[in-house]
Amino acid sequence: MLIHQTVEEIRQTVKKARSQGLTIGFVPTMGYFHEGHLVLMREAKRLCDFVIVSIFVNPMQFGPQEDFARYPRDLERDLDLAGKAQVDAVFSPTTEEMYPAGFSTAVEVEGITESLCGHSRPGHFKGVATVVTMLFNIVSPDKAFFGQKDAQQALVIKRMVRDLQMPLEIVVVPTVREDDGLAMSSRNIFLNPAERKASLCLKKSMETAGQMVAGGEFEVSKILSAVREIITNEPLALIDYVEILSLPDLKPVANLSGPVLLAMAVRFGKTRLIDNTVLCPGGVSYVFNDVKI
Ligand code: PAF
């Protein structure tokens, strides 16, 4: 597995792979891999010939009060896991490589970035859209892979790729969960045992919402009340947001007349977790990756 820190080196590797006629799959990450990342890498390997993974904790997508400094990092372990997942090349640039002195450009996606995490983390999606654009320009992949756990991020990137005519396909891969239902996240290691147990209220609340919809309840306010009650009943949980919004535009809805996104951000102590599910009326199934944006 090749390991590069500079834009010039990874560009050479991409050029070589392209000259051999290989298709390029790209998995952008902030490292500290868990099974969710590895599933993205395996999916990239399944659909593309040459897989590149980037590891870069992007300062631009963290607010001043957020967890950039304490975001978990372990490059050696990540390289080992990427190698085992048959990744062909890793790009792990320094901050200076990505943001040289005088850096002054940003990419902003409007509308769908105003709700959910865009609302509670101002500037977050500007940072994500900017770094992902840079990474796409550096790697020029045929396909890039994102997890559904960051559903809003996946929609923002899809919209950006469509609007800016970026020549690649975005593949969204279903959320990977622990056996007990907690969505995998690099931040889960920060949960103490009591918080870890409390975090199961997220999955439980989404299951209840699914059951309500299956039972014919389509009124959003009623579903939201039930979801919020389950989370609020957990003393260690503090709701940042719990919302049901339309797909793919993330606009408020009063009733379910098609698939909608139930999305939540909840704090357990110092750790903020996000999760989501798609609620579909009438037993329709919804493949997030097929969403037309
Ligand atoms: O999902 C992430 O890990 C990050 O937001 C991404 C896409 C790598 C951009 O920094």
Side-chain angles (χ1 to χ4, degrees), residues 7 10 25-41 43-44 51-63 66-75 77-78 81-82 85 87 89-95 97-99 103 105-109 112-113 116-118 120-139 141 143-161 164 166 168-176 183-190 263 265 271-276 288-289:
V7 172
I10 189 76
F26 178 45
V27 184
T29 80
M30 300 206 297
Y32 211 75
F33 295 155
H34 50 68
E35 186 58 23
H37 294 110
L38 301 178
V39 166
L40 294 179
M41 294 175 209
E43 190 61 1
V51 173
I52 299 175
V53 172
S54 65
I55 301 175
F56 179 63
V57 186
N58 172 35
M60 193 177 170
Q61 69 189 71
F62 290 80
E66 292 182 2
D67 59 352
F68 174 70
R70 73 170 201 139
Y71 196 85
R73 294 158 169 91
D74 190 342
L75 187 59
R77 179 176 159 274
D78 286 348
L81 289 170
V87 166
V90 168
F91 176 51
S92 70
T94 60
T95 305
E97 186 73 9
M98 293 299 279
Y99 296 105
F103 186 96
T105 303
V107 179
E108 237 176 315
V109 180
I112 50 172
T113 54
L116 308 177
C117 286
S120 52
R121 301 182 70 188
H124 171 66
F125 287 117
K126 184 170 159 181
V128 170
T130 303
V131 81
V132 169
T133 299
M134 284 195 271
L135 290 166
F136 285 174
N137 283 339
I138 294 165
V139 173
K143 294 183 201 289
F145 297 78
F146 293 84
Q148 190 185 325
K149 206 209 89 191
D150 298 302
Q152 189 177 20
Q153 168 171 281
L155 293 170
V156 169
I157 304 286
K158 275 194 170 218
R159 181 63 54 89
M160 177 185 85
V161 163
L164 298 184
M166 293 181 174
L168 78 157
E169 185 192 330
I170 300 302
V171 180
V172 185
V173 177
T175 304
V176 180
M184 295 217 182
S185 163
S186 303
R187 291 183 170 100
N188 289 351
I189 55 147
F190 293 131
T271 309
R272 179 180 175 278
L273 301 182
I274 58 170
D275 207 342
N276 69 81
F288 204 91
N289 189 44

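Order of listing sets the numbers, starting from 1, for every ligand and every atom in it.
- Taking the six-membered ring where the residue is Trp, Y99 and F103 present perpendicular rings, their angle passing 60° and hence far from 30°.
- Protein heavy atom at the shortest distance from atom 10 (O) of ligand 1 is Q61 OE1, 2.6 Å.
- No N or O atom of N58 sits closer than 3.5 Å to an N or O atom of ligand 1.
- Closest protein heavy atom to atom 5 (O) of ligand 1: Q153 OE1, 2.7 Å.
- Among protein heavy atoms, the minimum distance from atom 3 (O) of ligand 1 is reached at M30 CG, 3.5 Å.
- Annotation: cation-pi pair R70/F190 present, NZ/CZ under 6.0 Å from the ring centroid and within 45° of its normal.
- At least one donor-acceptor pair closer than 3.5 Å links the side chain of E97 to the backbone N or O of V7.
- Set against the non-hydrogen atoms of V131, the atoms of ligand 1 under 4.0 Å away are 9 (C), 10 (O).
- Cation-pi check for R187 over Y32 is not met; the charged atom does not lie both under 6.0 angstrom from the ring centroid and within 45 degrees of its normal.
- In summary, the side chains of R272 and S120 do present a donor paired with an acceptor at a separation below 3.5 Å, with no hydrogens or angles considered.
- Neither the backbone nor the side chain of I157 has any atom closer than 4.0 Å to an atom of ligand 1 (non-hydrogen atoms only).
- Polar contact check, T29 against ligand 1: no nitrogen or oxygen pair lies under 3.5 Å apart.
- In this structure, R73 forms a cation-pi arrangement with F68, its terminal cationic atom sitting closer than 6.0 Å to the ring centre and no more than 45° off the ring axis.
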